[in-house]
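In what follows, every heavy atom counts, from backbone to side chain, and hydrogens, waters and symmetry copies are set aside.
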Amino acid sequence: MQCTTRQAGCVSNNVLVGESNQLFLFEGNYNQFSYLSNQESVSESSKTNFLDNLRQRRRFAEERNLQYLHIIIPCKPLVMRDKTPEPYRQNIRSLFLHSYAPLFTNRDPLQERTLYPLASLIREQTQRDCYWANDTHINAAGQLCIYREIGEHIPDLSTTFPLLRIAEEPRQGDLGIMLGHSAPLPSLCFPWTGELLNYSNTSALPGNTGDIVITHNPLSRTQRRLVLFGDSFIKTMLHLFAHDFRTILYIRGPYFQPDMIELFAPDVLITSETERYLAGVDHDNNGPSLLFESFRERSDYKPGQDFQSALSAQLSYRSHPRITQDWEAEQTSLHSFNIKGIGEAIHNRDAQQRDKSGHNLEAVGPVPVIHIHKLHHQPQGDLMIELDAEIESQLKLTVLRNCTDMSAPLEIHQHPVRSGLQQIILPIDHSQPIDGLLLQPLHHPGRFTLQKIEWL
C-alpha cells in the first residue's frame with residue numbers, strides 16, 4: 001500500500017511502516033520482501049556459488065590453521081515479526097533456512113562453520129528490541145547477542161564488557177532518512193565503545209565496496225589478529241571485536257580476498273553477510289583483488305596517507321613482521337602519555353600530540369577523547385582540570401566503573417570551556433570504585449594544553 005501518512009502497512013520510498021513505528025526496508029536492490037515471501041526464488045546458480053564459496057573459504061582457513069566462521073545476519077522482519085504489518089507478517093519465511101540450509105549435510109550449517117543466529121535474536125527480542133526502530137541495522141542489544149553467539153564457536157571471546165554501557169541515545173536511522181524523517185529517535189547504543197585507533201579509506205570511496213578499516217587497540221585482551229569480511233551490519237560490531245583482538249582488518253565486498261588475508265596473517269578469519277544479500281550470490285572466483293586497488297589513486301578515490309601507511313604495515317606482517325611491530329609501537333607511542341598523579345592515558349585519533357610531553361594537544365576532529373585507563377591510585381576528592389584552550393567549547397568527563405550487566409548509569413560531568421587559561425573543578429562520586437576516566441576536553445577542533453590534572 002503506497003501512502004504518504006506514517007500508517008502501519010504503507011510503503012513510501014522503499015520503506016515499509018510497521019507496528020509501533022518500526023520501519024523495514026521493503027525492496028531495495030535485493031527485493032527483500034519478494035524473497036522472504038517466496039514471490040521470487042533463489043536461483044540454482046546462487047545456491048551453488050554460496051556452497052562453493054563457503055567450502056573454498058573453509059579449506060583456505062584449514063590449510064593455514066586459522067579459526068574460521070561464516071555468519072549470516074538475519075533480516076529484521078524475521079526477528080521482529082510481531083512488528084511487521086500484515087499481510088507481510090504471515091507470509092514471510094527465512095530466506096536462508098528455506099533456500100540454503102537444505103544444502104548442508106543433515107541440514108546443519110554449523111557442521112560447515114556457518115552461524116545463523118535467528119533463534120538467539122528472537123529470544124533476545126522477547127526482552128528488548130534488537131534492531132533500531134528507524135534503521136535496518138542491529139542495535140547495541142542485537143550486536144551483543146550476536147557477539148556472544150560467535151563466542152560459542154570462536155574460543156576466548158568476551159561475553160560481557162564491564163566498562164561499556166547499553167543505553168538509549170538519540171540516533172538518526174537510514175530508513176528514517178529515506179522516509180524523510182531525519183529527527184533522531186531514542187535508540188539502544190553503546191555511548192562509549194573504547195578508544196580505538198582506526199585507519200580507513202571509507203571517506204575516500206565513491207561507494208561501499210572496497211571499504212577497509214584497520215583497527216588497532218593497544219589495550220585489547222589478547223594480541224590476536226582478525227580478518228573480518230562483511231557489510232555494514234558486522235561493521236557496527238567492530239568495537240566489540242577490538243576488545244578481544246589487538247589488530248583487525250575489516251574488508252567490505254562480496255568477494256573473498258585470499259591475497260590480503262595471506263599477507264595480514266590473522267589468527268582468526270570471519271566472513272559474513274546480511275541475509276537479504278543471499279537473494280543473489282556470485283562466485284568468489286569472479287571477484288577482483290582489492291590489494292593494489294586499495295592503494296592506487298584514481299579520479300574518484302584518493303586514500304589518505306595514514307590509511308596507506310597502516311595498510312602497508314599490516315600487510316607486511318607475514319614476511320616482514322618487524323615493520324608491523326614498529327608501526328604498532330609508533331602508533332601506541334603517538335597516542336599515549338602519562339598524567340602525573342592521575343594515571344596512564346591513551347587518546348583517539350581526533351586528538352594529536354604537539355610535543356613529547358603529551359599535554360599539548362590539538363583536537364583535529366570533533367570528538368577528541370582521552371581515556372585514562374590505568375589509575376595510579378584509587379582517587380579521592382574533587383577533580384581539578386587546569387586547561388588552556390584557544391577556542392570556546394565544552395568539556396565532558398565520564399567516570400568509568402565496572403558493571404557486568406552493562407546497565408548502570410554513567411557519571412558524566414559537563415562544563416563550558418572558554419578561550420584562555422582556566423581551572424575547572426568537578427565533584428566526583430567516590431561511593432563506588434573508579435576504574436578509569438574519559439576526558440573530552442573540547443567538542444570542536446582547536447588547540448589546548450592540559451596544564452594540570454589533580455585530585456583535591
Check your understanding: To the nearest 0.5 Å, what is the distance between CZ (Phe50) and OG (Ser99)?
Key -> 11.0 Å
Review point. Is the shortest distance from a Lys or Arg side-chain nitrogen in Lys83 or Glu19 to a carboxylate oxygen in the other one below 4.0 Å?
Key: no
Exercise for review: Give the C-alpha distance, both sets of side-chain angles, the deciding distance and a yes or no for ring-ring contact (aromatic ring centres under 6.0 Å, His included) between Phe60 and Phe256.
Suggested key: CA-CA 10 Å; Phe60 178 94; Phe256 201 53; 5.3 Å; yes
Review point. Is a salt bridge present between Asp231 and Lys235, judged by a nitrogen-to-oxygen distance below 4.0 Å?
Key: no
Check your understanding: More than 12 foreign heavy atoms under 6.0 Å from CZ of Arg298: is that the case here?
Key -> yes
In a table with atom names and distances, give each donor-acceptor pair under 3.5 Å that connects a side chain of residues 175-183 to protein atoms at least two apart or in another chain.
none

Review point. Parallel, tilted or perpendicular for Phe241 and Tyr147, by the 30°/60° rule?
Key: perpendicular
Review point. Do Ile412 and Lys396 touch side chain to side chain, with heavy atoms closer than 4.5 Å?
Key: yes
Check your understanding: Do the numbers put Arg225 on top of the ring of Phe264, so that NZ or CZ is under 6.0 Å from the six-membered ring centre and no more than 45° off the axis?
Key -> yes
Point to revise | Side-chain heavy atoms of Ile370 within contact of Pro441, under 4.5 Å | key: yes
Check your understanding: Counting only heavy atoms not in Gln111, do more than 12 fall under 6.0 Å of its CD?
Key -> yes
Review point. According to the interplanar angle, ranging from 0 to 90°, do the rings of Tyr116 and Phe96 count as parallel (below 30°), tilted (30 to 60°) or perpendicular (above 60°)?
Key: tilted
Practice item. For Pro186, check side chain to side chain contact (heavy atoms under 4.5 Å, CB included) against everything at least two apart and list the hits. Key: Glu168
Review point. Does the distance from a Lys or Arg side-chain N to an Asp or Glu carboxylate O, for Glu124 and Arg128, drop under 4.0 Å?
Key: yes
**Study point:** Beyond-backbone contact of Leu36 with Tyr88, side-chain heavy atoms, under 4.5 angstrom
**Key:** no
**Study point:** Residue pair Asn338 / His359: nearest heavy atoms and the distance that separates them
**Key:** O-NE2, 3.5 Å
Review point. For atom CD of Gln352, is the number of surrounding heavy atoms from other residues, nucleotides or ligands below 6.0 Å larger than 12?
Key: no
Review point. What's the shortest heavy-atom distance between Leu311 and Ser294, and which atoms?
Key: CD2-CB, 3.8 Å
Point to revise | Pairwise side-chain contact, His98 with Leu95, heavy-atom cut-off 4.5 Å (strictly under) | key: no
Exercise for review: Working to the nearest 0.5 Å, report the span between OG of Ser336 and CD of Glu195.
Suggested key: 12.0 Å
Review point. Take atom OH in Tyr317; do more than 12 heavy atoms of anything else shown fall under 6.0 Å from it?
Key: no
Review point. Between Arg59 and Glu62, is there a salt bridge with N-O shorter than 4.0 Å?
Key: no
